[in-house]
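Here is how names work: the chains are called A, B, and so on, in the same order as the sequence lines, proteins then strands, and each is numbered from 1.
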Amino acid sequence: MISKFFNLYKLLPWAVTCILLSPVIAIFLSASINDESGNFQHLIDTVLFSYISNTLLLILCVTLISLLIAMPCAWLVACCEFPSRKILQWVLMLPLAIPPYIIAIVYTDLLDFAGPVQRALRAVFNWQSVNDYYFPDIRTLIGASVILALALYPYLYLLLRSAFLTQSGVLFQAARTLGLSPFKAFWRVSIPLSRSAMAVGISLIAMETLGDFATVNYFAVSTLTTAVYDTWLELGSLSTAAKVSSLMLLALVILISLESYSRRKQQVYQRNGSVQTELRFLLTGWKKWAALSFTWGLLSLALFIPLLTLLYYAGHYFKESLNDDLMSYTLNSLWLAFLVAFLALLVALIVNFYQRLSPSFAAKSTIRLSSLGYAVPGTVVAIGVLIPLTNIDLWLNDLFVAQGFSSLGLVLSGSLFILVLGYLVRFSAIAVGSVNSSLVQVSPSLDLASRTLGKNAARTIWYVNLPLIKKGLLTAFILVFIEAMKELPAALLLRPFNFETLATYVYQFVSDETIEYAALPALMIIALGLIPFIVVNRLLEKKV
Amino acid sequence: MSIKKNLTVLLAGASALASSMVYSAQEVNVYSYRQPFLIEPMMKEFTAETGIKVNILFAKKGLIERIKREGKLSTADLMLTSDFSRLTMFTEDGLAQPVNSDVLSKNIPAQYQGAEKQWFALTTRARSIYSSVERVGPAPNVTYQDLASPAFKGKVCMRSGKHPYNVSLLASIIAHEGEAKAKTWLEGLKANLARKPQGNDRAQVKAVKEGLCDYALTNSYYLGKMLNDPKQVSWAEAVHINFPNQATTGTHVNVSGVALTKYSPNKENAIKLMEFLSDDVAQKMYAEINYEYPVKENVQASKLVASWGKFKADDIKLSDVAAQHKAAIKLMDEVKFDL
């Protein structure tokens, strides 16, 4: 019995990892078959280094801006007390529900030379041409970084806030007693203690940035992803595209390994519950006002302005936008996102408990490898998923026909199966990451105690670990749910005939830059992401 | 139950499921690089006339790859594209099959068909140069070459050089003048841009209206589309449409087109749809609704499009232009056009 369980829990994580990794492997395998095109040399001779520097700069800017936004926000709501703190702690997560490409469209529309803001400025000050005044160009690397950071900072905020909350408040108080100012105590105690959460958050954001095409393309910024698309889909050279992709993945693996290497001797466990109310640092005077303007100012940019713009358009084009299609696409998006979130959670539990039960290099590898797909651009994942599944389909059909049955058709690659798998490849990383960051905070001494008291591994997981990371599990579920609601490139390419999600529906209008018709379905995506967020948060707040 | 029996039951079940998926109603499946709203009116008309349902799957990237991977099991019957480089790519990859149809042969002029009747153009559109009404006026003598001349410095707006429309234009210039000259032209053009290439074709017209630039490189049918959009009509009224290179090679013309997939499961219906799209009713719709130029000879352009006047189109063979497609993309990289 014991050995059976032992085998299962080792086999399962590797099976899951292999499935999630198969698209990436498939791309590299088919890439190694032929290359005499000289396309890679062409890239080196021309744009590759500009693309690399653009990509690195973009990742640096996005993560840095996200950190500058998320860190103070998380600390303010977790460790300080000031008016509206309770509302802020969950409202600050909400921008996550807005797809980055929607924020991008809203802001380019508003801030372009021909947009309402600059038009108004020209009218008021009677400027005639572009030479009469200076206005920062939104379609630049910095513009793209700011917009991506506005859309992605909630990842970091979420992880940091829960890290700050679960950190033992006693440590912070001890630092204060020893004479550190709140800021210094924050700098020297809270931040080092939250490094694991920070690392997970930053690598999620870095991966999302690396894999992004739609937003960056909208800002006319060329990155390595541009090179992948150009060489593959225009020059027809899969091998060159795979080389570029591997460059991207390599950079990512190095970054993540460096971070975890520097943290190798650090073990942080939570001892007792959360920051107690009386221990929160009460902000008064200018500090209060600074905190208020920072948080609410940020929310105006990341949430209110995009929402109001969309509401304005949705209101004006309501009749044209509200139809039966919208309802059926909404249902499609909903159940698809729900299923994917559930499966991603399963994946996260499987690989994380493998590491928990038998900490080893192999176990750590499954965690890393199962997350790689997140950094691969959506269209590349899509084609990567197509390769193994179409092959299986072709093989199955040959088998069927040989057995005298009629042809099966594309049961796997022509159905929603492929879409679900594509989403899982992309988004498991989020679930794996957030389950991981809550699990590492649960002290292994609890597991040991449970095992000493005669409970086996499965019972320990069920009765000890899972209840302690409930919050992390819910967060993981919702994050994947929201990502799946927003997902575009894989959905576009992998969906069967006559199947639309809200995102692909929005895209039909976005691709024509007619934001007004996209507004209502876009609001739908946002609302459906927001509702579970709010509900779950209310539930969690009540229990704490 | 034995394993074998189990397997047999499973196979039979799956087989039944599969056949119910494949042989449903009368239908035809279309993979489309063209945006749905541009083709849906014609498809609706087709369904109304024949009772055959049209399923459309739209994506901007990767459809050719998908069809390639699906191989003989693909359910796609037709591939619709918005430019000819994808049509030729599709054909060269061996994904299309020839169609011998009298209707298609009669409706579509020879230069708008693939050499072995593996693809067919349905409409044409001119890569035109819009000029500002306020600051330039009509520019009937403008050429693509002018856009790269010093007199146009800081006056030109256009979308990404990597967009198929711009790649095709560059490919045609390579085909006419050779790579070296084309490169000089492209460098000159880049130097003349009022801003980094960005936005879509309509965004360039908007920029002309707002005074950011005087000339925009834009397809012809967008003017018609904008004139019919209450929000955009003021942009359209701020520009004149000009057909470049009238005294020399003629205006670069791109096509939208269709190809029958190699493994088309609904071949008969698919050919019916192809024939329908090439015939009077659909061609008229392309002209009236989308403001494109119909390929069928006796079908008139819409009144609006006709009012822009007749023009001399570049009569270089499309296959010669398509042959330069990859060279054009590489040239865009070489001069770092979008960077």
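- Side-chain contact, A:Thr140 with A:Asp137: no donor N or O sits under 3.5 Å from an acceptor N or O.
- Figure legend: A:Arg139 and A:Tyr218 shown as a cation-pi pair, the cationic atom lying under 6.0 angstrom from the six-membered ring centre and within 45 degrees of its axis.
- Residue contact with chain A, scored on non-hydrogen atoms closer than 4.5 Å, involves the backbone and the side chain of B:Glu334 alike.
- A parallel orientation is assigned to the rings of A:Trp127 and A:Phe125, their planes being inclined by less than 30° (bins at 30° and 60°).
- For the options B:Arg86, B:Lys196, B:Arg202, B:Lys68, heavy-atom pairs under 4.5 Å to chain A are most numerous at B:Lys196.
- Contacts between B:Pro197 and chain A at a heavy-atom distance below 4.5 Å involve the backbone alone (N, CA, C, O).
- Residue A:Phe213 touches chain B through its side chain alone, counting heavy-atom pairs closer than 4.5 Å.
- For B:Met332, no part sits under 4.5 Å from any heavy atom of chain A, backbone or side chain.
- Looking only at heavy-atom pairs under 4.5 Å with chain B, the residue among A:Gln118, A:Glu500, A:Arg122 that has the most is A:Arg122.
- A:Asn54 places a side-chain N or O within 3.5 Å of a backbone atom of A:Ser222 that can act as its donor or acceptor partner.
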Notebook entry, point to check: What do the steps show when you test B:Tyr31 against A:Phe497 for ring pair (Phe, Tyr, Trp, His ring centres under 6.0 Å), and what is the final call?
Noted result: CA-CA 9 Å; B:Tyr31 279 2; A:Phe497 278 107; 5.5 Å; yes
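- With a 4.5 angstrom heavy-atom cutoff, A:Asp112 touches chain B only via side-chain atoms.
- A side chain to side chain contact (heavy atoms under 4.5 Å, CB included) with B:Thr75 is found for one member of B:Ile67, B:Asn29, B:Asn55 and no other, namely B:Asn29.
- Separating the CG atom in A:Asn391 from the CZ atom in B:Arg69 is a distance of 7.5 Å, to the nearest 0.5 Å.
- Heavy-atom distances place both the backbone and the side chain of A:Asp393 under 4.5 Å from chain B.
- If you measure heavy-atom distances from B:Lys162 to chain A, the contacts under 4.5 Å come from the side chain alone.
- Interface remark: of the candidates B:Arg66, B:Lys209, B:His325, B:Arg66 forms the most heavy-atom pairs closer than 4.5 Å to chain A.
- The aromatic rings of A:Tyr507 and B:Phe58 lie parallel to each other, with less than 30° between the two planes, well short of the 60° mark.
- The nearest pair of heavy atoms linking A:Thr108 to A:Phe219 is CG2-CE2, 3.9 Å.
- For A:Leu494, the part lying near chain B is the backbone, with the side chain staying farther off; criterion is any non-hydrogen pair under 4.5 Å.
- Here B:Lys330 is the residue among B:Glu70, B:Glu65, B:Lys330, B:Lys72 with the most heavy-atom pairs under 4.5 Å with chain A.
- If you measure heavy-atom distances from B:Ile56 to chain A, the contacts under 4.5 Å come from the backbone alone.
- In this structure, chain A has a heavy atom under 4.5 Å from the backbone of B:Val30, while its side chain stays farther away.
- A side-chain donor-acceptor contact under 3.5 Å links B:Asn254 to the backbone of B:Phe84.
- Interface residue A:Pro496: only backbone heavy atoms are found under 4.5 Å from chain B.
- B:Leu57 touches chain A through backbone and side chain together, each having a heavy atom under 4.5 Å away.
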